[in-house]
Amino acid sequence: ETVIKCKAAVAWEPNKPLVIEEIEVAPPQANEVRIKIVATSVCHTDLYHLLESMHPDGFPTVLGHEAAGIVESVGPGVTEYQPGDKVIPLFIAQCRECRFCKDQRTNQCEQAWRATDRPGVMAPPETRLTCKGKTLLQFVGTSTFSEYTVVNAMAVAKIDPAAPLDKVFLIGCGVSTGYGAAVNTAKVEPGSTCAVFGMGGVGLAAVMGCKNAGAKRIIAVDINPDKFEKAKVFGATDFVNPKDHDKPISQVLAEMTSGGVDFSLECTGKVEVMRSALESCIPGWGVSVVVGWTDLHDISTRPGQLIAGRKWTGSAFGGFKGRDAVPGLVKAYLDKKVKLDEFITHKLTLEQVNDAIEMMKSGKCIRTVLNVSPE
């Protein structure tokens, strides 16, 4: 087993462009898998770590957690994966042994917490990546902005060899997160009315989940009107731009829906939008799901909103248990039950990762695929 030297995009410090460097990727140790990354993408959580949270203990790091690749080698004790397998790395592990993994109600996992339990760091203590003699943190245990990475075997999903990796990488975060928030967490019902806040990749996937669950009315909410045509493709029926109204968006939605929506999904990661999403729900049975990630501010509402019977809940990775569910999501794509191609608006290389970051910041893309290595 040898150290691999390869290219990676290194975030040396917060709020600075990533730097393409030659890094060393150590061989996989016990119960680890070394993966050649074929395709990856910038997700808002990468931007959040780099540009918003900016926690000094979280650097230097290699960002990236939405990806697909091919197993290059496996460490001792790994039997489930062989070199050549097509895989999707998971930022939430599934050990299958802990009390959470054994419970159908959640996709949380005690092993997974090791990847993110240090506030602001968003990386496990151990790493197989180094550059210029310095240790690089592995962002949420994955670090996919690299030609190679090493991931714990509990955090890898083996997928159909027929799957095109430059499409199914989306299942590694954005699409699963939004889609599952609708179908697993909200449990959207046939004939219901839904509102989705934020038409980025996650929000569009939530719209697709609402549609597949049989919602009859899906209201897309975004301050960027350019996003509304795209939302239609995934099943949105109505479009609301809060900037077009001089009253709170919750009031606008209540008037449109005789009292509020049955389900709302917040996909922006902004706490004031989370409040609006909750307060847009109908009293009695409205369910609001927090999907967008932030850890910088508290959320707030008046107790009466909840006493009236609304439910406020959250969702990570769409509630999917990764190793069990990801292969099925890939199959759903191959069977044309789930859209992926429509999310991809731009194609770049790993070297152009800073361009992809700029496009996401300005809302010019939905998802930009970074083609890292040929399949």
Enquirer: Specify whether Tyr48 and Trp293 have parallel, tilted or perpendicular ring planes, treating 30° as the upper limit for parallel and 60° as the lower limit for perpendicular.
Expert: perpendicular
Enquirer: Starting from Leu170, can I reach Ile70 by hopping between I/L/V/M/F/W/Y residues whose side chains sit under 4.5 Å apart?
Expert: yes
Enquirer: Just jot down the side chain to side chain donor-acceptor pair (under 3.5 Å) partners of Thr313, sequence neighbours excluded, or say none.
Expert: none
Enquirer: Looking at Ser264 and Ala277, would you say the former's side chain and the latter's main chain have a donor-acceptor pair under 3.5 Å?
Expert: yes
Enquirer: Does atom CG of Leu348 have more than 12 heavy-atom neighbours from other groups under 6.0 Å away?
Expert: yes
Enquirer: What residue among Val252, Thr257, Val196 forms side-chain contact (heavy atoms from CB on, under 4.5 Å) with Ile219?
Expert: Thr257
Enquirer: Cut-off 3.5 Å, side chains only: do Thr130 and Glu24 have a donor facing an acceptor?
Expert: yes
Enquirer: Within a 6.0 Å radius of atom NZ on Lys86, are there more than 12 heavy atoms belonging to other residues, nucleotides or ligands?
Expert: yes
Enquirer: To the nearest 0.5 Å, how far apart are CE in Met154 and SG in Cys95?
Expert: 5.5 Å
Enquirer: Could you walk me through whether Glu110 and Arg99 pass side chain to side chain contact (heavy atoms under 4.5 Å, CB included), step by step?
Expert: CA-CA 8 Å; Glu110 287 182 355; Arg99 62 193 168 132; 3.0 Å; yes
Enquirer: So among Thr40, Val42, Asp46, which one has a side-chain contact (heavy atoms from CB on, under 4.5 Å) with His65?
Expert: Asp46
Enquirer: Hey, what's the ring geometry for His49 with Phe59, parallel, tilted or perpendicular (30° and 60° as the breaks)?
Expert: parallel
Enquirer: Among Lys230, Lys364, Arg367, Met359, whose side-chain contact (heavy atoms from CB on, under 4.5 Å) with Thr345 holds?
Expert: Lys230
